[in-house]
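My questions will all concern the structure given below.
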Amino acid sequence: ETGVTQTPRHLVMGMTNKKSLKCEQHLGHNAMYWYKQSAKKPLELMFVYSLEERVENNSVPSRFSPECPNSSHLFLHLHTLQPEDSALYLCASSPGGSGTGELFFGEGSRLTVL
Amino acid sequence: DAKTTQPPSMDCAEGRAANLPCNHSTISGNEYVYWYRQIHSQGPQYIIHGLKNNETNEMASLIITEDRKSSTLILPHATLRDTAVYYCIVKPGNNRKLIWGLGTSLAVNP
């Protein structure tokens with residue numbers, strides 16, 4: 001248990017579906033992150049929230065829409081995805097703001113787009 | 001692009017020390033060295049980090065060369081549960097971004 005919980009663990013969706021990934025952290029951290037991990041590729045940072053404000057958006061397509069309603073919850077809303085978006089999506093949190101390199105990751109949501 | 005170079009895979013016998021090397025020859029003075037590992041089907045787990053001095057915690061030891069161009073992560077008594085991909089990352093002290101590479105896949109064998 002890392003204190004970061006992601007749901008669902010597995011998701012299969014069609015290209016026209018709308019779904020959401022949820023992340024919850026129980027660590028009292030101030031920063032939360034979304035990462036994408038595709039097969040045979042390094043982790044890619046997608047979004048960073050610090051104190052509920054988005055501070056980084058790494059040229060992610062608009063079909064991915066993050067939401068951070070409070071410092072404990074983070075969502076990734078998905079719509080009209082492409083098959084190449086199939087990947088493991090990882091949520092992380094960090095103490096002391098988003099400048100630290102010590103991240104606590106959830107177990108990830110495995111997404112398959114048909 | 002990742003600023004570190006790691007061997008793609010390594011083997012280690014259970015109970016022996018696992019020494020995982022990392023080259024970061026272009027590291028800057030304000031960049032830290034971080035190590036993470038990722039066990040299959042799980043998210044990455046933070047292990048340790050350092051700037052210039054050697055560091056030790058309950059999981060591992062980090063040895064950084066004097067010129068800071070390379071480092072070694074040491075798992076003193078590897079167990080089967082240490083089988084994972086180990087990532088070496090350099091990060092500026094004032095930057096939130098971790099640049100991940102493909103890491104070293106460590107197999108601990110009985």
Side-chain angles (χ1 to χ4, degrees), chain A residues 1-7 9-10 21 23-25 27 29-51 53-60 74 87-110, chain B residues 1-9 22 24 27-28 30-52 55-60 62 64 68 71 73 81 84-105:
Chain A
E1 286 291 331
T2 64
V4 180
T5 303
Q6 290 188 243
T7 55
R9 292 293 311 279
H10 300 273
L21 306 180
C23 177
E24 184 174 1
Q25 59 100 357
L27 302 168
H29 291 168
N30 294 326
M32 296 187 77
Y33 310 73
W34 279 117
Y35 278 87
K36 176 183 179 182
Q37 187 173 33
S38 303
K40 310 295 184 187
K41 291 186 177 181
L43 271 75
E44 302 172 54
L45 178 63
M46 300 176 72
F47 301 104
V48 181
Y49 278 83
S50 182
L51 297 172
E53 178 182 346
R54 190 190 309 180
V55 296
E56 189 137 358
N57 174 353
N58 280 350
S59 303
V60 179
L74 185 65
L88 181 67
Y89 288 85
L90 291 158
C91 173
S93 68
S94 65
S98 56
T100 178
E102 187 176 347
L103 272 58
F104 293 72
F105 283 86
E107 295 192 329
S109 294
R110 174 73 61 187
Chain B
D1 292 333
K3 298 176 67 175
T4 62
T5 303
Q6 298 178 256
S9 63
C22 179
H24 31 79
I27 194 169
S28 301
N30 68 340
E31 289 185 317
Y32 288 75
V33 179
Y34 279 78
W35 282 84
Y36 279 78
R37 73 179 183 183
Q38 186 172 21
I39 295 170
H40 183 61
S41 297
Q42 296 184 19
Q45 176 190 23
Y46 165 82
I47 301 173
I48 199 168
H49 75 280
L51 183 62
K52 58 177 78 172
E55 302 287 345
T56 295
N57 62 21
E58 66 278 4
M59 289 183 67
L62 173 60
I64 302 175
R68 303 209 322 122
S71 61
L73 181 75
R81 289 176 295 179
V85 178
Y86 287 77
Y87 299 96
C88 170
I89 301 163
V90 295
K91 187 189 91 65
N94 60 350
N95 189 314
R96 64 180 65 84
K97 186 173 290 188
L98 296 172
I99 306 299
W100 299 76
L102 293 177
T104 295
S105 179

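All chains are named by letter (A, B, ...) in the order of the sequence lines, taking the proteins before the strands, and each is independently numbered beginning at 1.
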message = Between B/Y36 and A/L103 (side chain of the first, backbone of the second, donor and acceptor by atom type, cut-off under 3.5 Å), is there such a pair?
response = yes
query = Under a 4.5 Å heavy-atom cut-off, does chain B meet the side chain of A/R110, its backbone, both or neither?
reply = neither
Heavy-atom closest pair, residues A/P42 and B/G101 = CB-O, 3.6 Å
ask   = Do you know the tightest heavy-atom contact between B/L102 and A/K41?
value = CD2-C, 3.6 Å
query = At what distance, to the nearest 0.5 angstrom, does CD1 of B/I99 lie from CG of A/L43?
reply = 11.0 Å
ask   = Is it the side chain or the backbone of A/E44 that comes within 4.5 Å of chain B heavy atoms, both, or neither?
value = neither
key: For the student: nearest non-hydrogen atoms of B/P44 and A/L90, plus distance   = CD-CD1, 3.8 Å
inquiry  = Set out, in order, the CA-CA distance, both residues' side-chain angles and the distance that settles side chain to side chain contact (heavy atoms under 4.5 Å, CB included) for B/L98 and A/Y35, then state yes or no.
reply    = CA-CA 11 Å; B/L98 296 172; A/Y35 278 87; 4.1 Å; yes
key: B/I47 side, atom CD1; A/E102 side, atom CD - distance, nearest 0.5 Å   = 11.5 Å
